[in-house]
> 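Would you mind keeping the following structure in view while I ask a few things?
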Amino acid sequence: QVQLVESGGGLVQAGGSLRLSCAASGRAFSIYGMGWFRQAPGKERRYVAAITSSGGSTYYVDSVKGRFTISRDNAKNTVYLQMNSLKPEDTAVYYCAANARQLALTNYGYYDYWGQGTQVTVSS
């Protein structure tokens, strides 16, 4: 069992930056692939970024490439999402998730544990 708690969301103007954190507790964090997903009002939850257990590989949806960076610190049991050049269309609840099998890291259906989410609002 893994418990995930996100933090760092808030209100920011377009062009600004936020850094989301996801702290994990429970079983060995370092064995899990990790992902960030987001859900805007009235829309499905969508993949944003993912990182393998070692941190050696990262993946991004096209719309955030060059603006967002996913990273992790296994010593601190934490995964991060640095978000720069934010746009109003980035407004959503952001969720982190843990994937025990490290399969299909871009597919939310393969994730085993989820946090409660943190709201990110980007004003124009």
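The first residue in the sequence is number 1, and the count goes up from there. Just so you know, these numbers use all the heavy atoms, side chains as well, and skip hydrogens, waters and symmetry mates.
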> For residues 12-25, tabulate all N or O donor-acceptor pairs below 3.5 Å that involve a side-chain atom, not counting sequence neighbours.
from: Ser17; atom 1: OG; to: Asn84; atom 2: OD1; distance (Å): 2.9
from: Ser25; atom 1: OG; to: Gln3; atom 2: OE1; distance (Å): 3.2

> May I ask whether Tyr94 and Tyr47 are part of the same hydrophobic cluster, defined by side-chain heavy atoms of I, L, V, M, F, W, Y residues being less than 4.5 angstrom apart, directly or through others?
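Yes.
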
> Provide the closest heavy-atom pair for Tyr60 versus Thr69 in the form atom of the first, atom of the second, distance.
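Smallest heavy-atom distance, with atoms named: OH-CA, 3.3 Å.
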
> Rounded to the nearest 0.5 Å, how far apart are OG of Ser63 and CD of Glu89?
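Ser63 atom OG to Glu89 atom CD measures 8.5 Å (nearest 0.5 Å).
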
> Nearest 0.5 Å please: distance from the CD1 atom of Ile51 over to the CG atom of Asn99.
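Taking CD1 in Ile51 and CG in Asn99, the distance rounds to 13.0 Å.
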
> Write down the atom of Leu4, the atom of Ala98, and the distance for their closest heavy-atom approach.
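Reported closest heavy-atom pair: CD1-N, 3.8 Å.
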
> Ignoring hydrogens and angles, tell me if any N or O in the side chain of Ser124 forms a donor-acceptor pair with the backbone of Pro88 under 3.5 Å.
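No; zero donor-acceptor contacts below 3.5 Å.
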
> Parallel, tilted or perpendicular: which describes the rings of Trp114 and Tyr95, with under 30° parallel and over 60° perpendicular?
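Perpendicular: the ring planes of Trp114 and Tyr95 meet at over 60°.
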
> Verify the neighbour count for atom OH of Tyr108: are there more than 12 heavy atoms of other residues, nucleotides or ligands below 6.0 Å?
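Incorrect, the count does not exceed 12.
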
> How many angstroms lie between CE in Met34 and CD in Gln102, if you round to the nearest 0.5 Å?
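It comes to 10.5 Å.
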
> Applying ring-ring contact (aromatic ring centres under 6.0 Å, His included) between Tyr111 and each of Trp36, Tyr32, Phe37, report the one that passes.
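Looking at Trp36, Tyr32, Phe37, the match for Tyr111 under the ring-ring contact (aromatic ring centres under 6.0 Å, His included) is Phe37.
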
> Identify the two heavy atoms, one from Ala49 and one from Leu81, that lie closest to each other, and give their separation to 0.1 Å.
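What the structure gives for the nearest pair is CB-CD1, 4.2 Å.
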
> To check you understand the geometry: which heavy-atom pair defines the closest contact between Leu105 and Tyr59, and what is its length?
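The pair with the smallest heavy-atom distance is CD1-CE1, 4.1 Å.
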
> Val64 versus Arg38: any side-chain heavy-atom pair under 4.5 Å?
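Heavy-atom side-chain distance check passes, below 4.5 Å.
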
> Going by an N to O cut-off under 4.0 Å, is there a salt bridge joining Asp62 and Lys65?
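Yes.
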
> Tell me if a side-chain donor or acceptor on Thr91 pairs with a main-chain N or O of Val122 at a distance below 3.5 Å.
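Checked: pair present.
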
> Quick one: does any side-chain atom of Glu6 pair with a main-chain N or O of Gln116 as donor and acceptor, under 3.5 Å?
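At least one qualifying donor-acceptor pair exists.
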
> Atom CG in Asn74, atom OG in Ser53: separation rounded to 0.5 Å?
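Asn74 CG to Ser53 OG: 7.5 Å, rounded to 0.5 Å.
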
> Quick one: do Gln1 and Tyr113 satisfy side chain to side chain contact (heavy atoms under 4.5 Å, CB included)? Show the steps, please.
CA-CA 8 Å; Gln1 188 84 12; Tyr113 304 102; 4.0 Å; yes

> Rounded to the nearest 0.5 Å, what separates atom CG in Asp90 from atom OG1 in Thr121?
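The distance works out to 11.0 Å.
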
> Nearest 0.5 angstrom please: Cys96 SG to Arg72 CZ, how far?
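One finds 10.5 Å between SG of Cys96 and CZ of Arg72.
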
> How close do Arg101 and Tyr110 get, counting heavy atoms only, and between which atoms?
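Smallest heavy-atom distance, with atoms named: NH2-O, 3.2 Å.
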
